[in-house]
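Residue numbers count from 1 along this sequence. Every number for a ligand or one of its atoms is a count from 1 in the order of the listing.
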Amino acid sequence: MKNPRIIVALDFNSAGEALSLADRLHPELCRLKVGKELFTAAGPQLVEKLIAKGFDVFLDLKFHDIPNTVASACKVAHDLGVWMVNVHALGGRKMLQAARSAIPENSTRLIAVTLLTSMDQDDLEDIGLQGEPAQIVGRLARLASDCALDGVVCSALEATHLRQLLGKDLCLVTPGIRLSGGEAADQKRITTPQQAIQNGSDYLVIGRPITQATDPLLVCQQINSEIACFQQTS
Ligand code: C5P
């Protein structure tokens with residue numbers, strides 16, 4: 001498989017656990033996501049080891065700071081060789097443009113988080129953001145697109161709307177995926193892999209349904225065959 005759509009979230013607090021799961025997966029079947037917990041525990045050395053094993057790595061550190069600092073961090077992520085990195089769209093136009101200018105186009109994918117899916121309307125009002133969350137997500141996704149970012153992280157339930165709003169070139173990365181009949185755990189707005197791809201997702205971020213499985217590789221294979229007939233070329 002040339003372009004695996006699954007990104008496995010390595011939500012662990014040690015390099016050992018992350019590497020032993022990676023050894024049970026295969027780079028042709030999935031990519032890997034390193035987030036704040038694992039990166040804080042194991043740092044860039046772990047990212048280098050995962051890349052050396054042949055995996056594409058999404059460095060999910062959601063940078064949000066002054067433009068110069070975010071640009072410098074993006075440059076380091078690019079130089080580390082990660083496949084994808086992200087920033088918060090709430091950092092604003094200048095920060096997004098600075099991030100863009102730090103990463104050459106057609107190299108490391110630069111994507112933006114719009115609103116955290118943990119925030120409801122009350123949380124948004126607390127910080128002075130008026131309006132429906134869906135409208136704010138749309139506005140932030142458009143801002144990311146205007147600043148020439150490669151895509152956004154969004155719920156698969158928002159993917160259809162964002163595709164209509166922003167066209168097919170923007171890459172949509174969607175967490176909150178659960179296998180049909182699987183447990184939702186703490187995820188509220190979930191979709192199946194098949195539904196997410198049909199809604200227009202490009203990449204599915206999947207954690208526990210794969211990391212806690214008895215046979216993680218088999219689950220990857222099952223998901224890949226489930227979505228194979230719905231994949232668009234990209
Ligand atoms: O285990 P699970 O499949 O719920 O893991 C989902 C991953 O996606 C976690 O790493 C989580 O932090 C991340 N994520 C999410 N919702 C977002 C953004 C990221 O669940 N809105």
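- The option from Lys62, Arg208, Lys33 that lies nearest to atom 13 (C) of ligand 1, judged by heavy atoms, is Lys33.
- In the hydrophobic clustering of this structure, Leu140 groups with Leu116; members are Ile, Leu, Val, Met, Phe, Trp, Tyr whose side-chain heavy atoms approach within less than 4.5 Å, directly or through other members.
- When Pro175, Pro209, Ser118 are checked for heavy-atom proximity to atom 15 (C) of ligand 1, Pro175 turns out nearest.
- For atom 7 (C) of ligand 1, the candidate residues are Val8, Leu115, Asn86, Val205; the nearest heavy-atom contact is made by Val205.
- Taking the side chain as every heavy atom from C-beta outward, Arg31 and Phe55 never approach each other to under 4.5 Å.
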Practice task
Apply salt bridge (charged side-chain N to carboxylate O under 4.0 Å, His left out) to Asp56 and Arg109, showing your working.
Solution key: CA-CA 11 Å; Asp56 281 343; Arg109 271 87 167 159; over 6 Å; no
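- Checking side-chain atoms of Thr174 against main-chain N and O of Ala156 turns up no donor-acceptor pair under 3.5 Å.
- Arg142 contributes a side-chain N or O that, together with a main-chain N or O of Leu165, makes up a donor-acceptor pair within less than 3.5 Å.
- Here the heavy atom of the protein found nearest to atom 6 (C) of ligand 1 is Gln187 NE2, 3.7 Å.
- Atom numbering of ligand 1 starts at 1 in the shown order; those under 4.0 Å from a heavy atom of Thr117 are 16 (N), 17 (C), 21 (N).
- Ligand 1 lies within reach of Asp11, whose nearest heavy atom is under 4.0 Å from it.
- Between the Ser225 side chain and the Gln221 main chain, a donor and an acceptor come within less than 3.5 Å of each other.
- Considering each of Glu37, Gln212, Arg178, the one bringing a non-hydrogen atom nearest atom 4 (O) of ligand 1 is Arg178.
- Around atom 3 (O) of ligand 1, the closest heavy atom drawn from Gly35, Gly207, Cys154 belongs to Gly207.
- Thr69 contributes no side-chain N or O that, together with a main-chain N or O of Asp65, makes up a donor-acceptor pair within less than 3.5 Å.
- Every atom of ligand 1 is numbered from 1 in the order shown, and the set under 4.0 Å from a heavy atom of Ala9 is 7 (C), 10 (O).
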